[in-house]
Number of protein chains: 2
Amino acid sequence: MRCRDEIKIQQVYQKAIELIVNEGLNGFSMQKLAKAAGVSPATLYIYYKDKDDLITRLGIAEGKRMLETTVDGFDQEMPFAEGLRVQWRNRARFWLDNPMSVKCFEHLRHSPYRDKIFETIQQDFAEAMGHFVRKAVRNGELAPVPLEVYWSIAFAPLMNLVKYHLDGRSVGNKPFYLTDEILNQTLDLVLKALRP
Amino acid sequence: MRCRDEIKIQQVYQKAIELIVNEGLNGFSMQKLAKAAGVSPATLYIYYKDKDDLITRLGIAEGKRMLETTVDGFDQEMPFAEGLRVQWRNRARFWLDNPMSVKCFEHLRHSPYRDKIFETIQQDFAEAMGHFVRKAVRNGELAPVPLEVYWSIAFAPLMNLVKYHLDGRSVGNKPFYLTDEILNQTLDLVLKALRP
DNA sequence: CAAAAATAAGTGAATGTTTATTCACTTAAA
DNA sequence: TTTAAGTGAATAAACATTCACTTATTTTTG
């Protein structure tokens, strides 16, 4: 029995991400992908059931990779400020190291594939974070706010900064590069907001 | 001379937004739009030069509408907390009143049409906000932080809450409905973060 | 241990469908 | 009568997917 060419599989995967980023889900087609990856269109249908399957599985894989990085070195039982700092570090690192991945993921977030991708990924993660937050409130480290308020204050600013960074520009098209200093400065403000 | 049927023009415009929201930019096609709006495909090419033109102009129009609402009752010379509160109220109102519009805009934000749409819209707005922020720092109402940090803390949490609301669910698929109470609670935290 | 058989990987060309866009034409209003 | 709005059918290109086929690799057999 002949076995699958790992290099081709990887080529298809990587080129799919590039194509989605560069042309949008709109301009992404199976024939373009086949050409870009240097395989026959028919080969794609050996790896994936169909176009939907390809996109969905790609999104799930990238999402998992992202969440795994996020919780690297994180522990639910950490002091609040420390746990948040670890997550900021991790998320920032992943985003800065994997711009293609993140940009691709953003496309999928705003597409009809969203539901299928997220229902698979998010479950465990949300539970762990829920525990972390409730514990912080009990310990008087975190103002008692609804989970959604917490999440919006705690992470939306970070995501926004990274968005600017990946775009290379911020408000009013001003050029922007994300530095550790800016990151820490913002995290300090966030911690100030969340302290009881 | 026969003149354009305003009702048809509006039908096309509204159905375009609906189609983009429901099927993504991916599933959006001129023939589907024509059928949904009850006109001939050829009619679309009377109103718009081509598909790109349609999408771009739609995005610009919706973006302008959004920004105009945002600065309703806002004045650069307002005290900081008040100015920010006005903008939060306005943005929240627009987003809650125009969910289709906002969802459509989110699709366009993450598409290759982004650049064309934003370069047209954002200029004046960014300048006015720059002034508002610098003045607030001078007056000791706002911690002296870079514009991007300010913007990320000041608005990203709001946008995130609205995103949850429009999705109908938040972290971990928890059902979510945005109330005034949650909005004010979050704004209070934001103001706390930004106070010197 | 090699030759043959078996099996799944991989292919280029083809299929039928959907796409954006155009065109020759009709219709309504000025 | 003139003019632009509006049309349904047509066109060529691009699309997702399939198919008959070849190729590489493993397993079985003599």
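Chain letters run A, B, ... following the sequence lines, proteins first, then strands; residues in each count from 1.
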- Whole angstrom value for the distance that separates C1' of D:dA14 from CG of B:N26: 14 Å

- How would you label the contact of B:K49 with the nucleic acid (heavy atoms, under 4.0 Å): base, sugar-phosphate, or nothing? nothing

- Message: Distance check needed: D:dT23 P versus A:R4 CZ, whole Å only.
- Response: 21 Å

- Message: Can you tell me if A:D180 has over 12 outside heavy atoms packed within less than 6.0 Å of its CG?
- Response: no

- Item | B:K35 side chain near D:dG8 phosphate (N/O to OP1/OP2, under 4.0 Å) | no

- Task: Report yes if at least one side-chain N or O of B:K8 is closer than 4.0 Å to OP1 or OP2 of C:dA28; otherwise report no.
- Result: no

- Query: Would you call A:E23 and A:K32 a salt bridge, taking side-chain N to carboxylate O under 4.0 Å as the test?
  - Reply: yes

- Task: From the options C:dA30, D:dT7, C:dG10, select the nucleotide whose nearest atom is closest to the side chain of B:C3.
- Result: C:dA30

- Query: Considering only C:dA20, D:dT7, C:dT11, which nucleotide approaches the side chain of A:S40 most closely?
  - Reply: C:dT11

- Query: Does the distance from a Lys or Arg side-chain N to an Asp or Glu carboxylate O, for B:R91 and B:D72, drop under 4.0 Å?
  - Reply: no

- Atom-pair distance (NZ on B:K32; C1' on D:dC15), nearest Å: 12 Å

- What's the closest nucleotide to the A:D5 side chain, out of C:dG10, C:dA20, D:dT17? C:dG10

- Task: Measure the distance from CG on A:L25 to C1' on D:dA16 and round it to the nearest whole Å.
- Result: 15 Å

- Item | Residue whose closest nucleotide on DNA chain C lies nearer the 5' end, A:Q31 versus A:V39 | A:V39

- Name the nucleic acid region contacted by A:S29, choosing base, sugar-phosphate or nothing; use a 4.0 angstrom heavy-atom cut-off, strictly under. sugar-phosphate

- Task: Would you indicate which nucleotide in C:dT11, C:dT22, D:dT7 comes nearest to any side-chain atom of B:Y45?
- Result: C:dT22

- Message: Nearest to the side chain of B:A42, heavy atoms from C-beta on, is which of D:dG8, C:dA9, C:dA20?
- Response: D:dG8

- Message: How many whole angstroms separate atom CD1 of B:I46 from atom C1' of D:dA4?
- Response: 8 Å

- Task: Mind calculating the distance between CG (A:L33) and P (D:dA14) to the nearest angstrom?
- Result: 17 Å

- Task: Name the orientation class of the two ring planes belonging to A:F132 and A:F74 (parallel below 30°, tilted from 30 to 60°, perpendicular beyond 60°).
- Result: perpendicular

- Touch class at under 4.0 angstrom, heavy-atom based, for A:Y47 against every strand present: sugar-phosphate

- Note on the structure: Considering only heavy side-chain atoms of B:R2, the closest of C:dT21, D:dA5, C:dG10 is D:dA5

- Task: Rounded off to whole Å, could you give me the CG-to-P distance for the B:L19 and C:dT18 pair?
- Result: 15 Å

- Message: Rounded to whole Å, please give me the gap between CG in B:L44 and C1' in C:dA20.
- Response: 11 Å

- Heavy-atom pair of closest approach, residues A:P157 and A:V190: CG-CG2, 4.2 Å

